[in-house]
Amino acid sequence: MTKDTNESPVWEGKLFSGGWRAGSGDPVTVTAPGTDRLLGTVAGATPADLDQAVETARVAQRAWAAAPYAVRAAVMLKAAALLEADPARLAEILVAESGSGQGKSGFEVGLVVSELQESAALASHPSGEILRSVKPRLSLARRVPLGVVGVIAPFNFPAILAMRSVAPALALGNAVVLKPDPRTSVSGGLALAALLEEAGLPEGVLHVLPGGGELGAALVAHPRVPCISFTGSTAAGRKIGEAAAPLLKRIHLELGGNNAMLVLPDADVQAAASVAAWGSFLHQGQICMTTGRHLVHRSIADAYVAALAEKATHLPVGDPIDPTNALGPLIDERQRDHVHTIVTDTVAKGATLAAGGEYDGLYYRPTVLTDVAPDSPAWTEEIFGPVAPVQVYDDIDEAIDVINASEYGLSVSILTGNPHAAFELCDRIDSGAVHINDATVDDEAVAPFGGAKASGAGGRFGGPHANLDTFTETQWVTVQSDIERYPF
Ligand code: NAD
């Protein structure tokens, strides 16, 4: 492995906690998946670093929450402006460290900018309501910060999945301790800290501690962290739920998915194949909202599979530093082997490979599977790879049952020539999101985002109502002129 730059970035050898400093854990190497280029090293954190971070954050939070809202809004706006002026500061590390294609990294940076802008607006949003009371008094419900919010984020869209918790939590007057995935310590944490620091965030309000699942578990268990915002796998989310329940802390879990795309017989087949390829192959399928199940009406299924397989066969896959490559590498060998095992086991159960099913290092070819048995792993499990399993249906009621049979409920797409009729199907679909005539992969900073069933529990992200519910506590306050008189 060779290091490809002589300049030391601010995060080199450091973590972010009361400024840039060394950690007490083992160093974490930052590498580029697919090429193994060494990008640098960051400091690993231990539970001792966590204790220190939480104590510093508790003190800093009080002054941060007491500052006028305009101070918090200004930091968010400045960070958004800095990133808009120089998107490469984040986009380049997203490409290198997380294997993001250039289109995906640009899209992700845009999401981070709008998350910061919406969080600036959140800081000035009304923070409660005046209540009616049976007594002559002022009675109000007001939103107060939670204190120190723990954020645990995954590797796949590391910057936005961290920032969608960090920015609203900070804007509402909380301090934050962020633990990114160790494979994306920079793009999912330290690069965001550098941006917010440059935008004027006071020292001690945000801490970024690189480390693995054990450090995440210590954050969940920390008695002075009253709220955890977790994005990651359903398996880890269940463990966090179990650990947090006896501690009676507030947890928000955004978890896995196995998202269905329903293609009705009146859909335009070529347009549907494009939505399908985007939904299943973007970022190598490593998205919670990836289309994992294609349910296609029999009358158009052959044409649909042919069009999708054609796209899969010709999509360029390789080092994402080359902008002509649409897809980059999977994050690591473990994930690659997981994807390939699911594909080969599904073929062994009778499925047909219409495209792909092969790899070179971490570069997995976009794959289309047909004749997929309903009990095969490619149909029942979240793959997190560029794989499009297709099943044919005849009857819409049967198709809705198949969609709802999954344990997950994150995002569903319906493609049709009659969107108003499709709207009526929304009532029958158990899913946090339904997109008619668009992909399962969709996100906006102003829309409430979150999963049903095994895809999530707790609060939603996005928009002032969801973020206020998620990152504040409600306090009932009454005020009256005279001391109330009681019978005894
Ligand atoms: P993961 O659950 O293994 O890891 C996610 C994060 O949790 C990492 O920072 C990891 O270090 C930490 N972690 C792991 N075990 C933990 C524990 N016991 N306690 C505390 N922290 C722990 O997830 P992954 O497999 O690396 O990421 C992909 C998964 O994330 C997929 O299932 C995907 O669907 C899901 N995801 C969900 C959303 C969403 O918004 N619903 C978004 C992106 C990814």
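We count ligands from 1, going down the list as the structure has it; atoms in each ligand are counted the same way. Just so it is clear, the values below take in all heavy atoms, side chains as well, and ignore hydrogens, waters and symmetry mates. Values in this document were obtained by computation on a predicted structure and should not be read as measured data.
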Mind checking whether [X] and [Y] have side chains closer than 4.5 Å, heavy atoms only?
| X | Y | answer |
| --- | --- | --- |
| Leu308 | Phe281 | yes |
| Leu161 | Asn156 | yes |
| Leu353 | Thr367 | yes |
| Val387 | Val343 | yes |

In sequence, state the C-alpha distance, the side-chain angles, and the governing distance for Arg224 and Glu55, and then conclude on salt bridge (charged side-chain N to carboxylate O under 4.0 Å, His left out). CA-CA 8 Å; Arg224 296 192 148 174; Glu55 284 318 305; 3.1 Å; yes
Could you grab the distance from atom [atom1] of [X] to atom [atom2] of [Y], nearest 0.5 Å is fine?
| X | Y | atom1 | atom2 | result |
| --- | --- | --- | --- | --- |
| Ile383 | Thr341 | CD1 | OG1 | 11.5 Å |
| Leu190 | Leu195 | CG | CG | 12.5 Å |
| Arg143 | Asn467 | CZ | CG | 11.0 Å |
| Trp64 | Leu170 | CH2 | CG | 6.0 Å |
| Ser455 | Leu410 | OG | CG | 4.5 Å |
| Asp430 | Asn404 | CG | CG | 4.0 Å |

Looking at Asp360 and Arg336, is any side-chain nitrogen of the basic one under 4.0 Å from a carboxylate oxygen of the acidic one?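 Result for this pair is no, no salt bridge flagged.
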Test your reading of the structure: does [X] have an N or O sitting under 3.5 Å from an N or O of ligand 1?
| X | result |
| --- | --- |
| Lys239 | no |
| Ile240 | no |
| Thr234 | no |
| Lys179 | yes |
| Leu255 | yes |

Report the nearest protein non-hydrogen atom to [atom]: residue, atom name, distance rounded to 0.1 Å.
| atom | answer |
| --- | --- |
| atom 36 (N) of ligand 1 | Cys288 CB, 3.6 Å |
| atom 21 (N) of ligand 1 | Gly216 CA, 3.6 Å |
| atom 34 (O) of ligand 1 | Glu382 OE2, 2.5 Å |
| atom 40 (O) of ligand 1 | Arg164 NH2, 2.8 Å |
| atom 8 (C) of ligand 1 | Ala153 O, 3.4 Å |
| atom 30 (O) of ligand 1 | Gly232 C, 3.0 Å |
| atom 43 (C) of ligand 1 | Leu161 CD1, 3.2 Å |
| atom 1 (P) of ligand 1 | Ser233 OG, 3.6 Å |

Could you go through the side chain to side chain contact (heavy atoms under 4.5 Å, CB included) check for Ser17 and Leu209 one step at a time? CA-CA 7 Å; Ser17 186; Leu209 304 181; 4.2 Å; yes
List ligand 1 atoms under 4.0 Å from [X], heavy atoms only on the residue side.
| X | result |
| --- | --- |
| Phe155 | 26 (O), 27 (O) |
| Asn156 | 43 (C), 44 (C) |
| Thr231 | 5 (C), 37 (C), 38 (C), 39 (C), 40 (O), 42 (C), 43 (C) |
| Phe384 | 28 (C), 31 (C), 33 (C), 34 (O) |

Is it the side chain, the backbone, both or neither of [X] that has a heavy atom closer than 4.0 Å to ligand 1?
| X | value |
| --- | --- |
| Phe230 | side chain |
| Ile287 | neither |
| Ala235 | neither |
| Leu215 | neither |
| Ile152 | side chain |
| Arg183 | side chain |
| Leu219 | neither |

Passes side chain to side chain contact (heavy atoms under 4.5 Å, CB included), Thr231 versus Phe157? Steps please. CA-CA 10 Å; Thr231 303; Phe157 266 69; over 6 Å; no
Please assess Gln391 against Val402 for the test side chain to side chain contact (heavy atoms under 4.5 Å, CB included), listing each intermediate value before the final yes or no. CA-CA 10 Å; Gln391 259 188 33; Val402 172; 4.3 Å; yes
Would you please determine whether [X] falls within less than 4.0 Å of ligand 1 on a heavy-atom basis?
| X | answer |
| --- | --- |
| Ala217 | yes |
| Phe461 | no |
| Arg238 | no |
| Gly212 | yes |
| Met289 | no |

Does the plane of the ring in Tyr364 sit parallel, tilted or perpendicular to the ring in Tyr359? Use 30° and 60° as the thresholds. parallel
Would you say that more than 12 heavy atoms from the other residues, nucleotides or ligands in this model lie under 6.0 Å from the CG of Asp26, or not?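 Counting neighbours around CG of Asp26, 12 or fewer heavy atoms of other residues, nucleotides or ligands fall under 6.0 Å, so no.
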